[in-house]
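As the structure is a prediction and not an experimental result, all values here were calculated from the model.
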Amino acid sequence: MNDIILETGFQSIYSDVLYNKEKSLNLLKSGHVINVKEVKSFKTNSFIFGNVIRQTSVTSTPYKVKIELDETRKVKVASCECAAGEGQ
């Protein structure tokens, strides 16, 4: 079977990692989270890819974000190019 690529209608994901949910939601609501796609694979885990426009320099190249999900939609690995994400 082929992978399924979703650009809307995402399901919830779960994480054991503590993060600033308010800041994350504010970035989303203000349009800083763009080009989000989920690749659902039947052979491996699913991945969510996206870009985040920098708050301090909206004209700079957006940060790339990648999230790997297990079969229960729990975050296995997440990475971001931003300083706060420190690459992982």
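Under the rule for a side chain to side chain contact (heavy atoms under 4.5 Å, CB included), the partners of Val39 that lie at least two apart in sequence or sit in another chain are Asp3, Ile5, Phe49.
Side-chain atoms of Val33 and Leu28, non-hydrogen and from C-beta on, do get closer than 4.5 Å to each other. Considering only heavy atoms from C-beta on, Val65 comes within 4.5 Å of Cys80 through its side chain.
Applying the salt bridge (charged side-chain N to carboxylate O under 4.0 Å, His left out) definition to pairs two or more places apart or across chains, those involving residues 8-18 are Asp16-Lys74. Applying the salt bridge (charged side-chain N to carboxylate O under 4.0 Å, His left out) test to every pair with at least one member in residues 44-62, sequence neighbours left out, gives no pairs at all. Listed by first then second residue, pairs satisfying side-chain hydrogen bond (donor to acceptor under 3.5 Å, both in side chains) with a partner in residues 24-36 read Asn35-Asn51, not counting sequence neighbours. Among residues at least two apart or in separate chains, salt bridge (charged side-chain N to carboxylate O under 4.0 Å, His left out) pairs with a member in residues 64-73 are Glu38-Arg73.
Clustering ILVMFWY residues whenever any of their side-chain heavy atoms sit less than 4.5 angstrom apart, transitively, puts Leu69 in the very cluster that holds Val36. Residues Val75 and Ile48 share a hydrophobic cluster, clusters being chains of Ile/Leu/Val/Met/Phe/Trp/Tyr side chains in contact below 4.5 Å. Note on Leu25: it does not cluster hydrophobically with Tyr63, by side-chain heavy-atom contacts below 4.5 Å among ILVMFWY residues.
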- prompt: When you look at Lys37 and Leu6, which way does the side chain to side chain contact (heavy atoms under 4.5 Å, CB included) test go after all the steps?
  reply: CA-CA 6 Å; Lys37 292 183 174 140; Leu6 300 173; over 6 Å; no
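In plain terms, the two heavy atoms of Thr72 and Tyr14 that are nearest each other are O-CD1, 3.8 Å. Between Ser46 and Ser41, the shortest heavy-atom contact is OG-N, 4.0 Å.
Cluster partners of Val58 are Ile34, Ile53, counting Ile, Leu, Val, Met, Phe, Trp and Tyr whose side-chain heavy atoms approach within less than 4.5 Å, directly or via other members.
Interatomic distance, Gln55 CD to Cys82 SG, rounded to the nearest 0.5 Å: 10.0 Å.
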